Structures are given as structure tokens and as C-alpha cells.
Amino acid sequence: MRRSVGRNTSLLAVLAVVASLGAAAPATSAATTTPRPASPKSPVAVGHGGAVSSVDPDASAVGIEVLRQGGNAVDAAVATAAALGVTEPYSAGIGGGGYFVHYDAKTRRVQTIDGRETAPRSADASLFLENGKPIPFEEGVTSGLGVGTPGTPATWDRALDAWGSKSLRTLLKPAERLARDGFVVDDTFRSQTAANQARFADFPASAKLFLPGGELPVVGSVFKNPDLARTYEKLGREGVDELYGGALADDIVRTVRKPPVDPDATRVVRPGDLTRKDLASYRTLRQDPTRVNYRGLEVYGMAPSSSGGTSVGEALNILESTDLSRVDRTQYLHRLIEASRIAFADRGRWVGDPAFEDVPTKELLSQRFADTRECLIRDDRALTSPLAPGDPRNPERCGSGGRAAPTTYEGESTTHLTTADKWGNVVAYTLTIESTGGSAITVPGRGFLLNNELTDFSFAPADPAVHDPNLPAPGKRPRSSMAPTIVLKHGKPVLALGSPGGATIITTVLQSLTGHLDRGLPLVDAIAAPRASQRNAPTTEIEPDLWNSPVRAELEKRGHAFKQNPEIGAATGVQRLPDGRWLAAAEKVRRGGGSAMVVHPGPGRGH
């Protein structure tokens, strides 16, 4: 949810960061005080001392102030994410999960945290079945049944323990202040609330928070969330164990098991089976990233349970045989589409939670396997989807085997942030509550929405004869497409980026990387370029600028079929420039434009 360029969006960090330093809060009320103007919103910023890029100027400003006060990239990432939980409550928050990728400048190592939500211990392959048939998808979306154990608070705790320099309590203070004093509603916030109005109205706690007086929030009004402010204060004081074993855990379990539905509602709202044991047993996973070498660079991403790292990596390996800097735009997009098609065919068959599935991660990322798949691509004719997968363990040239597995639905309301600091540390962090508005169920008195992440599982096998690695199981993580990515050269950061967008995340990251690294576009222009997203489907989704371009006709001559998608993804990134400065980049237009900031704008060396 983006604020319009030039809008006075909130009390912002001028007030928020005072709390991060432990100073007394101003006595004035946000309800009676004219909000201070936000920092100027820009899709690109260049300077030194560190950088933050997110979809929201309030959140980016919070991260920048943490860096100015001596915090590192991890501290800034946690503070920014907490602020996004206030201003982006339909996309992220402590009721969800995500994936955290970190580059340590001292060790020159990239490490990751899997903070994906997990299914209850009682879950099995029949989680979304009723009388042997899948329930309607929308009934899984708005239910306790779709709620997984949240991983975001545990991710913050794990990241700070491993690499942070400030306490969670300190880093939650700016977001706590932002929630208490409020931000100014814009058209996008109102429209996304409107899209969820019928769902929110059926849950009294959601209606009270998001539909005050039974009405949509008015553009220009100040939106406050005092319950979330108190929740953040409690988490800061008590620690995240409060969410996994304290009174907050009790509230979450009660809400999932008996969703508080308005008595007059006619909606079918199924209860979930989350328990205190599920919360108490939740663990994030510290694991090695995926890695591929691409044109002399090291590209690191998120390993399964996400398919982001394997799919982006495989597609890059496929594309490396073509000099994308020399081909015309039509040929570039043709190869990009085909590489994406193949990578999605393979991920559908092979990628799931590795705690439950035998995922051939190493083989999927091998150049040998990519070469056997690349030979399927013809320059004069598009492949046909659904394309059958290859066998990464026994690759055969141009070989495909078995039946194709369709791409499961993944909610597109996610958010991504990237941070960097003066020491050279970098974070790429993607977090989500799944659908826009998540499950639509607000935990009463706590001020945050619960996720509906379990709907990322396959409700049932698309083909009973084909093994589906993404069926529910006890404690299993549903497959994700989140693809936070860090690129190094000789062990030093080149850039980091990521995007929301469900399954389109993979294609957004792939196109942004190749647009910059191969096509020579400045990072902000690579992010802004009109996108195509092929996910092993009969048609490729393209944005309006491509739909209305002569390139579409040229690609259709090769057999490509298209459908229009008004907006694909919303990427953010940071880049280390040769002179040592940081460049932060965000969207120019998508989701109202993003917010890129640096600590000290202008010329100068990186430190």
C-alpha cells in the first residue's frame, strides 16, 4: 500500500525515531496534530553511510535513522520490517513469515534464515479436503484452517541474535510510535481496505480496526493502531517468547480455533487446529543459501522451502549460454520467457519442504542440468506449456519426463526490503501474510492480521499419478516463491534485491537481474522495466507497456500467447557502486512507487 508521491503521509520517523533513542514522547495526540510531512519519496537515492529501500517512506526512514544511530543492516532491516507491519498491515506483520538473506562483510559469507510459517502438527494431506474433495479456495483463504504458525517474530529474534547490534526492544520503538500516533490514509490504503471490506466486516476485531464506524477509512485521515502499539511494546519488553508461549500465544490459538465471526455473518469460516504446542515448537532455520555463478558473479538466494533460489538460479544457468547483451529486445524476452517456463516446470515436480521431501537442490542448480534443459529452447518457436519436468539427478539432453505439475496459487500481497550499512553488510528480506489482508482475521486486542499461508499448499494433487511435493503435512512449510537475492563479485557485494508478487516474484527477480547485469540498465530502470511472467502456463502474463508494444506481435509470431496483468511485482534493491557509495532503488510507479533512501546523500566514499 503506497502513499502517493508528495503526500504528507504520517508523523514519520521524526517522532518515531525519538522513541528508538529512548527519549520521551511528545504529549500531543496524532488525532489533533497535523502530521509532519514524510521525507521526500524517491525511487532512487545515492550516497554513503548505508541504504534502505522499501515500498514505504515511513518504513525506509525508520531504517535510515537506525543506521544513523550506529545500527547495522540487520538492525535496520528489523526496524523497517516492524514499521511495514504498521503501514503495510495487509501485506506483512507479526502474524506472518518470510525469508531473510544476510551478507556479513567481515566473513564475506551469505547466510539465510527460513522464517516460513508451518502447518499444525495435526495437518495431513487432507487438510483442505472435505468428503474427499478440495474445499472452495476462497473458503480456505478466509478461515482459521489456512493459518500457519507465524515465523516473523522468531526471524527478527534469530537475526538479531546472530548478527544484530541493538535490542529488539529498541528496534520496535519506532514502529510502536508509528502505530500509536498514526499515518495518513491515501487512495491505495483505502482501495485495498475496500477490496477486503466484505471480509473484514465479518470479523468484529477487523471491522473495528479497519472499518471505523462501519465505514472505509477516509483519504487524508490519520489511521492509528493502538492495539498493535501495545503488542509491539509487550514483545519488546517480554521478548518474542510472548508470542510463542505467553498470553499472546493463547490469543492467537483461541482466534484460530474459534474465529470470532460476527453472529450475523453468512460466510463459511472454518476453524483451524493450531495449538500452543505448535507455537511453542516453532523454530526458524539457519541454512546455507543457494548459489550459482553467473557471468563471473556469485548469485545467492533462498533455498527450499522456498523455490525462489532454485528457480532463479536454474533460469540464470539456462540463460548464461546466450549473450543477452547483444540480442534485440524480442530475442531477450523470448529467452527469458522460455528459461522461466522450464524452471517452473522443474520446480513444480521437485521443490517442497526438504524436511519432508527429497529435494535435489544441488542438482537443480547444476550447470550440467541447465544445459540439458536449455537445448529445448528454439529461437524461432515457443515451447508449449504445461511443459514436463526434467530429471536433475539423471539429466538427458533435451529430455523431459513424467507429467507436468501446475503452478499453485500464491498470494501476491507480500513486501520486500533491502538494507546496507557503512561496514558493507547487506540484507535482502521478503516477508508476507499471503493474500492481501491475509486471512482477514485480526487477533482481538492485538492489532494484527493472521496469515493464510497454508493455502500455498496444494489442496489436492493435480494428477494422482504424479507425486506432488507441496501437499500439507504435520509441521510442514508450504512451498514459496520468495526470492531475496544477494549478488557478490570476488566476495564483495554488487547488489541485493527482491520483490513481492506470489509466483511472479521469481520472474520479477530474474528479469530485474538480467535487465541490469546483461542489458546494462541502471538498477532503478531494470526494476521499472515492463515485465513478463511465464510460470509454465499456456499464457505468459505481461504488463500494459509490453501488451501495447510491437514486441508482443513479434513474440506471438513465435507462438507465444499472452494475457495482460496490470502490475507484476514491486521490487526494491541496493547496489554498491565502484566508488564505494550505496545506491538504493525502488519502484517508480508500481504500488504507487517505492522509497529509496541513503544515510548521507551525495558524492563521497562509502564510509
Side-chain angles (χ1 to χ4, degrees), residues 1-4 7 9-13 16 38 41 52-63 76-98 150 152-153 155-156 172 174-179 182-196 200 206 209-210 217 222-225 228-229 231-232 411-419 429-440 442 447-453 482 484 498-502 505 567 569-572 586-587 590-597:
M1 295 154 294
R2 303 283 33 86
R3 320 287 172 251
S4 300
R7 181 178 296 280
T9 65
S10 76
L11 295 172
L12 192 68
K41 188 176 183 180
V52 178
S53 185
S54 81
V55 291
D56 182 78
D58 297 338
S60 293
V62 164
V78 171
T80 302
L84 288 168
V86 178
T87 61
E88 297 282 308
Y90 307 148
S91 297
I94 57 174
T152 291
T155 300
W156 296 349
L172 287 179
E176 179 189 331
R177 176 64 56 80
L178 192 58
F183 60 90
V184 174
V185 172
D186 71 353
D187 291 325
T188 307
F189 187 87
R190 178 183 168 90
S191 67
Q192 291 196 343
T193 308
N196 281 285
F200 289 163
S206 298
L209 178 59
F210 300 116
V222 177
F223 184 91
K224 300 178 182 181
N225 192 340
L228 182 58
T231 299
Y232 275 167
E412 297 189 359
S413 192
T414 298
T415 195
H416 178 83
L417 64 95
T418 42
T419 63
Y429 182 24
T430 313
L431 59 160
T432 185
I433 59 171
E434 176 63 359
S435 301
T436 303
S439 64
T442 299
F448 64 91
L449 288 158
L450 291 170
N451 71 83
N452 56 358
E453 214 68 60
M482 286 182 267
S499 176
I505 292 172
E567 186 175 276
T572 71
E587 294 288 352
R590 296 181 186 96
R591 295 200 183 186
S595 176
M597 297 183 184

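Residue numbers start at 1 and run along the sequence shown. In this text, all values refer to a predicted model and were calculated from it rather than measured experimentally.
With hydrogens and angles ignored, the 3.5 Å screen pairs no side-chain donor or acceptor of S435 with any backbone N or O of G437. Side chain of T436 to backbone of Y90: no donor-acceptor contact under 3.5 angstrom is found. No donor-acceptor distance shorter than 3.5 angstrom exists from the side chain of D58 to the backbone of A83, with no hydrogens or angles considered. Judged by distance alone, the side chain of S499 and the main-chain N or O of A570 form a donor-acceptor pair under 3.5 Å.
Considering CG of L209 and CG of L228, their distance stands at 8.5 Å, rounded to 0.5 Å. Separation of atoms CD (E88) and OG1 (T188) is listed at 9.5 Å; rounding is to 0.5 Å. To the nearest 0.5 angstrom, T414 atom OG1 is 7.0 Å from E453 atom CD. Atom-to-atom distance recorded for L172:CG and L178:CG is 12.5 Å, nearest 0.5 angstrom. Rounding to the nearest 0.5 Å gives a distance of 15.5 Å between CZ of F210 and CZ of R190.
Counting only heavy atoms from C-beta outward, the side chains of T430 and T432 never approach each other to under 4.5 Å. Within the 4.5 Å cutoff, the side chain of T155 has heavy atoms near those of the Y429 side chain. Residues D56 and T80 fail the side-chain proximity criterion, which asks for heavy atoms closer than 4.5 Å. The closest side-chain heavy-atom distance from I433 to L450 is not below 4.5 Å. In this structure, the side chains of P89 and N225 stay at 4.5 Å or more apart for every pair of heavy atoms.
P57 and M597 make their closest contact through O-CE, 3.5 Å (heavy atoms, listed as atom of the first residue, atom of the second, distance). Taking all atoms of both residues into account, the shortest heavy-atom contact from A440 to L449 is C-CD2, 3.6 Å. Summarising the geometry of G498 relative to H416, their closest heavy-atom pair is N-NE2, 3.2 Å, with the distance given to 0.1 Å. The shortest heavy-atom contact between P217 and V185 is CB-CG2, 4.0 Å. The shortest heavy-atom contact between V52 and G63 is CG2-C, 3.8 Å. For the pair S53 and A586, the tightest heavy-atom approach, listed with the atom from each and the gap, is OG-CB, 3.5 Å.
F448 is linked by a ring-ring contact (aromatic ring centres under 6.0 Å, His included) to nothing, counting only residues two or more places apart in sequence or in another chain. Looking at residues two or more places apart in sequence or on another chain, you find a side chain to side chain donor-acceptor pair (under 3.5 Å) between S206 and T442. Shown here are the side-chain contact (heavy atoms from CB on, under 4.5 Å) partners of A79, two or more places apart in sequence or in another chain: V62, V66, L171. Taking Y232 as the reference, nothing meets the side chain to side chain donor-acceptor pair (under 3.5 Å) condition, with sequence neighbours excluded. When the side chain to side chain donor-acceptor pair (under 3.5 Å) test is applied to N451, no partner is found at least two apart in sequence or on another chain. In this view, S60 and S54 satisfy the side chain to side chain donor-acceptor pair (under 3.5 Å) rule, not counting sequence neighbours.
The aromatic rings of F183 and F223 lie tilted to each other, with the angle between the two planes from 30° to 60°.
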